[in-house]
Amino acid sequence: MKQGITITLDKPRTLRYGMNALAKIEDLTGKSILALDLNQVGIKDLLAIVYSGLYHEDKALTIQKVGDLIDEYSDLTEIAEKIGEALTVAFGKEKKSDSQGEN
């Protein structure tokens, strides 16, 4: 199972982007995951990305509920940072493993 990144909203939650979450992002946004530019993502796409990353641990979540949680407990800057970290983990580009291979 893919590792995730903890984000604190109403409680600690884990953003995780395995294959199902990535497919859910594509379904909700209508875009290939490879075509998403996280530097220019719209609010609807941002909500879809966060929702997809949290859905694995809470099937009762809705996109609207995720929006409410972000409004109440976080901000867009933190959310964008956490998404970036979680997607980096999902695509296996952690710098730690690169430096370990050189030792």
Side-chain angles (χ1 to χ4, degrees):
M1 186 178 301
K2 288 281 184 189
Q3 183 181 5
I5 298 296
T6 301
I7 184 164
T8 303
L9 295 170
D10 56 329
K11 61 184 180 182
R13 293 180 178 264
T14 305
L15 278 173
R16 184 169 46 227
Y17 295 103
M19 292 299 292
N20 291 329
L22 296 174
K24 187 176 284 299
I25 291 169
E26 289 187 344
D27 286 345
L28 293 171
T29 65
K31 301 172 188 165
S32 164
I33 192 71
L34 300 175
L36 283 174
D37 180 355
L38 293 180
N39 294 317
Q40 296 187 15
V41 69
I43 295 299
K44 287 181 181 179
D45 289 346
L46 180 77
L47 282 171
I49 293 167
V50 175
Y51 167 74
S52 297
L54 296 176
Y55 185 77
H56 68 95
E57 68 181 14
D58 188 349
K59 306 287 193 254
L61 279 178
T62 64
I63 290 177
Q64 292 75 22
K65 176 68 175 170
V66 169
D68 291 342
L69 291 173
I70 293 170
D71 285 344
E72 190 167 344
Y73 298 103
S74 191
D75 59 60
L76 292 178
T77 302
E78 180 184 6
I79 293 298
E81 181 181 302
K82 295 293 186 175
I83 289 171
E85 290 175 28
L87 287 173
T88 297
V89 169
F91 286 100
K93 295 181 182 175
E94 285 189 274
K95 292 181 181 175
K96 289 179 190 174
S97 55
D98 290 345
S99 63
Q100 288 175 350
E102 293 174 14
N103 291 338

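Heavy-atom basis, side chains included; hydrogens, waters and symmetry copies ignored.
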Return the CD to CG distance between Glu78 and Leu9, rounded to the nearest 0.5 Å. 7.5 Å
Quick one: pull up CZ in Phe91 and CG in Leu34 and give me the separation to the nearest 0.5 Å. 6.0 Å
For His56 and Thr14, indicate whether the former's side chain and the latter's backbone hold a donor-acceptor pair under 3.5 Å. yes
Which residue pairs pass the salt bridge (Lys or Arg N to Asp or Glu O under 4.0 Å) test with at least one member in residues 47-65, sequence neighbours excluded? Arg13-Asp58
Is it true that atom CG of Asp68 has more than 12 heavy atoms of other residues, nucleotides or ligands lying nearer than 6.0 Å? yes
So how far is it from Ser74 OG to Asp10 CG, rounded to the nearest 0.5 Å? 11.5 Å
Nearest heavy atoms of Ala21 and Ser52, plus distance in Å: CB-O, 3.4 Å
Go through it in stages, so that I can follow the logic: the residues are Leu46 and Val66, the test is side-chain contact (heavy atoms from CB on, under 4.5 Å), and I'd like the CA-CA distance, side-chain angles, deciding distance and then a yes or no. CA-CA 10 Å; Leu46 180 77; Val66 169; over 6 Å; no
Testing the basics here: between Lys82 and Thr6, what is the closest heavy-atom pair and its distance to 0.1 Å? NZ-O, 3.3 Å
Closest heavy-atom pair, Val41 versus Leu38, reported as atoms and distance to 0.1 Å, is CG1-O, 3.8 Å
Work out which heavy atom in Ala90 is nearest to a heavy atom in Tyr17; give both atom names and the distance. CB-O, 3.1 Å
For Leu47, which of Ile70, Thr29, Ile79, Thr62 qualifies under side chain to side chain contact (heavy atoms under 4.5 Å, CB included)? Ile70
To the closest 0.5 Å, what do you measure between CG (Leu61) and OH (Tyr51)? 7.0 Å
Could you tell me the separation between the CG atom of Leu76 and the CG atom of Asp71, rounded to the nearest 0.5 Å? 8.0 Å
Hphob cluster co-occupancy, Ile83 + Met19, side-chain heavy atoms under 4.5 angstrom: no
Stepwise side-chain contact (heavy atoms from CB on, under 4.5 Å) test for Leu15 and Val89: CA-CA 10 Å; Leu15 278 173; Val89 169; over 6 Å; no
Carefully, step by step, assess Val50 and Leu69 under the rule side-chain contact (heavy atoms from CB on, under 4.5 Å). CA-CA 11 Å; Val50 175; Leu69 291 173; over 6 Å; no
What heavy-atom pair brings Gln3 and Arg16 nearest, and what distance separates the two atoms? O-CG, 3.8 Å
Set out, in order, the CA-CA distance, both residues' side-chain angles and the distance that settles side-chain contact (heavy atoms from CB on, under 4.5 Å) for Ile49 and Leu28, then state yes or no. CA-CA 9 Å; Ile49 293 167; Leu28 293 171; over 6 Å; no
If I take atom OG1 from residue Thr77 and atom CD from residue Glu81, how far apart are they, to the nearest 0.5 angstrom? 8.5 Å
